[in-house]
Amino acid sequence: MKETANAPANIAFIKYWGKEDKELRLPANNSISMNLSDVYTTTSVEFEKNLKKDTVYINEEKVKDRKEKRVVKHLDRIREIAGISEYARVESTNNFPSGAGIASSASGFAALTLAATKAADLNLNEKKLSVLARLGSGSACRSIPDGIVEWRAGNSSETSFAHSLFPETHWKLADVVTIVQEEEKKVSSTSGHDLAPTSPFYATRIKNMPLKIREIKKAIKDKDFSLFGEIIEEEAINMHTVMMTSTPPLFYWNAATVRIINAVREWRDNGLSAYFTIDAGPNMHIICQEKDIEKVKTRLKKINGVKRVIVNYPARGASLI
Ligand code: PMV
């Protein structure tokens with residue numbers, strides 16, 4: 001049977017950078033993220049008797065090599081659980097143009113996990129879906145539950161999964177995704193994670209995580225926007241410091257990234273409450289309250305190097321269509 005699922009991308013407020021177990025994708029620390037309403041993947045999967053191999057299309061293009069292997073490996077995991085041997089036809093589309101500089105592995109593996117397990121006649125609960133999505137791409141486990149989500153690091157495959165902390169209706173935050181570079185990043189996050197422990201600051205980062213997580217949970221619960229913003233900005237800079245001081249060093253920012261960092265700090269000095277966070281690439285996420293979205297958009301568009309902005313609200317996790 002053909003099944004189709006939708007899954008959002010997510011932005012991490014407390015980041016996952018560094019693994020305890022590479023094969024199982026067990027992270028070194030818990031992370032906290034928000035699902036994004038306007039950046040998502042839709043995937044359909046059908047297992048068919050007459051297929052001679054898995055066929056995978058992303059945005060109507062047949063995928064090959066490394067990307068194809070990663071999807072096939074994920075389908076193998078699902079075939080093993082379901083006890084089936086048929087190959088699958090997978091068709092996946094992102095609602096954002098590919099090469100827009102927006103990572104699609106989280107939304108992609110979350111949508112694939114839900115659609116493929118359903119198509120294989122499995123009825124997995126949220127926890128099991130999250131565990132399985134994690135094996136495809138770490139941060140994909142956070143695109144399964146709704147709203148604002150915590151991925152508990154755990155110490156085994158079964159104990160490392162994400163759960164919802166607050167529903168998408170809890171707080172109308174906005175993430176103005178700001179694209180400054182459209183090409184794919186040069187160093188994938190998969191290889192970046194392996195370098196994290198080579199930074200002299202990594203151990204301190206991990207040691208301070210439990211306190212930071214407690215603080216941000218409270219800030220989100222109390223809807224204390226300035227405290228929340230201070231934490232997410234410190235966290236993004238903290239992770240990028242580890243990246244820049246690993247061996248070899250990783251520099252994900254470009255000139256426009258730095259221009260936006262400076263601009264956001266200046267806006268705050270002049271009374272506009274907005275904060276930034278940055279993943280493994282030069283693109284920015286400007287987090288603000290709903291009332292300030294238009295101001296933030298107008299100001300961003302004036303900055304040299306900003307190619308486009310996409311406004312997002314907290315969203316539900318993966319769902320079947
Ligand atoms: O799930 P991965 O391997 O794409 O790693 C995600 C890494 C960051 O985006 C930088 C941080 C995060 O927690 O999403």
Side-chain angles (χ1 to χ4, degrees), residues 7-36 39 41 66-67 70-71 73-74 94 101-113 130-145 148-154 160-162 165 175 177 179 181 184-197 199 202 205-206 209 212-213 216 231-244 246 249-253 257 276-285 287 312 317-318:
N10 66 73
I11 178 64
F13 298 138
I14 303 296
K15 316 277 189 188
Y16 146 57
W17 196 248
K19 294 178 198 165
E20 275 298 306
D21 186 314
K22 203 172 146 176
E23 265 312 295
L24 292 178
R25 294 182 200 274
L26 299 183
N29 58 272
N30 293 17
S31 54
I32 293 184
S33 64
M34 173 178 112
N35 288 327
L36 302 179
V39 186
T41 300
R66 199 172 48 86
K67 279 193 183 160
R70 205 165 157 188
V71 173
K73 200 168 165 188
H74 204 57
N94 298 321
I102 303 170
S104 53
S105 70
S107 54
F109 276 95
L112 176 67
T113 302
S130 181
V131 165
L132 198 48
R134 188 203 77 235
L135 291 165
S137 173
S139 54
C141 74
R142 297 190 310 235
S143 289
I144 299 285
I148 297 181
V149 163
E150 177 176 33
W151 172 11
R152 293 217 194 106
S160 187
F161 59 92
L165 287 175
D175 174 4
V177 175
I179 309 297
Q181 182 182 299
E184 263 184 55
K185 57 191 172 226
K186 289 191 188 73
V187 181
S188 72
S189 49
T190 302
S191 39
H193 285 288
D194 298 344
L195 299 178
S199 162
Y202 180 68
R205 166 174 170 76
I206 300 301
M209 269 298 174
K212 192 157 30 178
I213 299 240
I216 199 168
I231 299 171
I232 67 165
E233 251 187 45
E234 184 282 332
E235 163 59 3
I237 297 166
N238 184 311
M239 178 183 73
H240 281 269
T241 303
V242 167
M243 292 163 160
M244 289 177 201
S246 56
L250 294 174
F251 292 95
Y252 283 112
W253 300 353
T257 314
F276 63 81
T277 182
I278 319 168
D279 277 344
N283 296 318
M284 308 277 293
H285 295 254
I287 313 295
N312 288 273

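Any value given below was found using the heavy atoms of this structure, including those in side chains, with hydrogens, waters and symmetry copies removed. None of these values were measured; they are calculated from a predicted model. Atoms within a ligand are numbered from 1 in the order they appear, just like the ligands themselves. Numbers for residues simply follow the sequence, beginning at 1.
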Can you pull out the closest protein heavy atom to [atom]? Residue, atom name and distance to 0.1 Å, please.
atom	answer
atom 7 (C) of ligand 1	Y16 O, 3.5 Å
atom 5 (O) of ligand 1	H193 NE2, 3.0 Å
atom 9 (O) of ligand 1	D279 CG, 3.3 Å
atom 4 (O) of ligand 1	S189 OG, 2.8 Å
atom 10 (C) of ligand 1	A280 N, 3.6 Å
atom 12 (C) of ligand 1	R142 NH2, 3.4 Å

[X] [atom1] to [Y] [atom2] distance, which is reported to the nearest 0.5 Å:
X	Y	atom1	atom2	value
I213	I231	CD1	CD1	10.5 Å
S105	R70	OG	CZ	5.5 Å
W17	H193	CH2	NE2	5.0 Å
K15	H240	NZ	NE2	6.5 Å
F276	I237	CZ	CD1	4.0 Å

Donor-acceptor contact present, side-chain N283 to main-chain Q181, <3.5 Å: yes
Main-chain N/O of I32 paired with N10 side-chain donor or acceptor, under 3.5 Å: no
Sub-4.0 Å heavy-atom approach of S31 to ligand 1: no
R25 near ligand 1 by a heavy-atom separation under 4.0 Å: no
Within-4.5 Å side-chain heavy-atom neighbours: I14 and E150: no
4.5 Å side-chain heavy-atom contact, L24 and K19: no
Going by the order shown, which atoms of ligand 1 are within less than 4.0 Å of some heavy atom of [X]?
X	value
A12	12 (C), 13 (O), 14 (O)
S137	1 (O)
G138	1 (O)
K15	13 (O)
M239	10 (C)

